[in-house]
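Step one of this worksheet: look at the structure below.
Whatever order the structure lists them in is the order used to number ligands and atoms, beginning at 1. Because only heavy atoms are used, hydrogens play no part in the values below, and waters and symmetry mates are left out as well, while side chains stay in. Since this is a predicted model, take the numbers as computed values, not measurements.
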Amino acid sequence: MTPTAAPSSSNPIGTLSAGTLPILRTVEDLRSQVAAWRREGLTVALVPTMGALHDGHLGLIRRGRELADRVVASVFVNPTQFAPHEDFDRYPRDEGGDAAKLASAGCHALYAPTVRAMYPQGFATAISVGGPAEGLCGTFRPQMFGGVALVVTKLFLQALPDVAVFGEKDYQQLMVIRRFTRDLDIPVRVEGLPTVREADGLAMSSRNAYLSADERARAPELNRALTAAAAALAAGAEVDGALTGIRGRIAEAGFGTIDYVELRDAETLEPVTAVARPARLLAAAWMGKARLIDNVPVIPAG
Ligand code: AMP
């Protein structure tokens, strides 16, 4: 049977079923589902997403199943992490398709609250993040990590999972989440999953839907350039030259504006000028209307 999701307006008690996958609309419904699992002595993993799910997201669900007895995924396009000129309105949304994919990946419940349920009238609280949130995407999307911290903190406190799973595809976001979870003593274990890629190396992303066929064919050069430079850096290549090489290569492939190409410490995300300990090579660049991000590890040789 193909699971389908019904609109929230026809859902007086908040819980609908997509096949065997309950769809929870309110924090009360989420909490009572988690409480029922707790009464059975089961552990719980949370996988926060913005929907338009692909195999990268489903990898997080599978990892969640390894880490806990029950997995709840959230789908919420979070307005507080988008600037007014960004793609909040046109961000792809497909709740029925998402519910079907989640059910097939073995997810146990979908939490899909409305914007009004997450941010009721009069909502007046913000979270300020520093440390790993500084620079990189923090410079080009200054509202983003505060918005991410706000929504992820709310999701953590709403679900109170044992563990939450995030992708290394958004490496800076993962480091920001780890840091504020630690700083605020939130009792949730934060797990990262390596980036899931298309066969040609392009990182899977909901925003890849913005690419034309020609742009899609050019886009994997971002990962190829990063991977080649990471190998050279690990073998002792000079950092500035390697970063300039990546810029040249992706510009040649048809990327337009390059927001950044940087080498950072893998844990603190502080800038580094040599590879003495594990580092991360991170980039963000525009291909047509799509802002693509990617990152790869740089492990010092020996
Ligand atoms: P998003 O829906 O884009 O906000 O992403 C939700 C979660 O999925 C985040 O933890 C992302 O890092 C993760 N994610 C997105 N794309 C990938 C991918 N290609 N591989 C692994 N994780 C991913």
Legend entry - Short side-chain donor-acceptor distance under 3.5 Å, N78 and T80: yes
If the cut-off is 4.0 Å to any non-hydrogen atom of [X], which atoms of ligand 1 fall inside it?
{"X": "T49", "value": "2 (O), 6 (C)"}
{"X": "T195", "value": "19 (N), 20 (N), 21 (C)"}
{"X": "V196", "value": "18 (C), 19 (N), 20 (N), 21 (C)"}
{"X": "D170", "value": "11 (C), 12 (O)"}
{"X": "M204", "value": "16 (N), 17 (C), 18 (C), 19 (N)"}

Should [X] and [Y] count as an ion pair when the cut-off is N to O under 4.0 Å?
{"X": "R216", "Y": "E221", "answer": "no"}
{"X": "D29", "Y": "R25", "answer": "no"}
{"X": "E267", "Y": "R179", "answer": "no"}
{"X": "E191", "Y": "R189", "answer": "yes"}
{"X": "D162", "Y": "R38", "answer": "yes"}
{"X": "R63", "Y": "E66", "answer": "yes"}
{"X": "R197", "Y": "D294", "answer": "yes"}
{"X": "R207", "Y": "D87", "answer": "yes"}

Which residue and heavy atom of the protein sit nearest [atom], plus the separation:
{"atom": "atom 13 (C) of ligand 1", "result": "L60 CD1, 3.6 Å"}
{"atom": "atom 10 (O) of ligand 1", "result": "G167 N, 2.9 Å"}
{"atom": "atom 16 (N) of ligand 1", "result": "H54 CE1, 3.2 Å"}

Legend entry - Any N/O pair M50/ligand 1 closer than 3.5 Å: yes
Inset, instruction - Check whether any heavy atom of R197 sits under 4.0 Å from an atom of ligand 1. - result: no
Legend entry - Non-hydrogen atom of P48 closer than 4.0 Å to ligand 1: yes
Pick one of side chain, backbone, both or neither for how [X] approaches ligand 1, counting any non-hydrogen atom pair under 4.0 Å.
{"X": "H57", "answer": "side chain"}
{"X": "L53", "answer": "neither"}
{"X": "Y91", "answer": "side chain"}

Legend entry - Any side-chain heavy-atom pair of L150 and Y119 under 4.5 Å: yes
Inset, instruction - From atom 23 (C) of ligand 1, work out which of R63, K169, Q81 has a heavy atom at the shortest distance. - result: K169
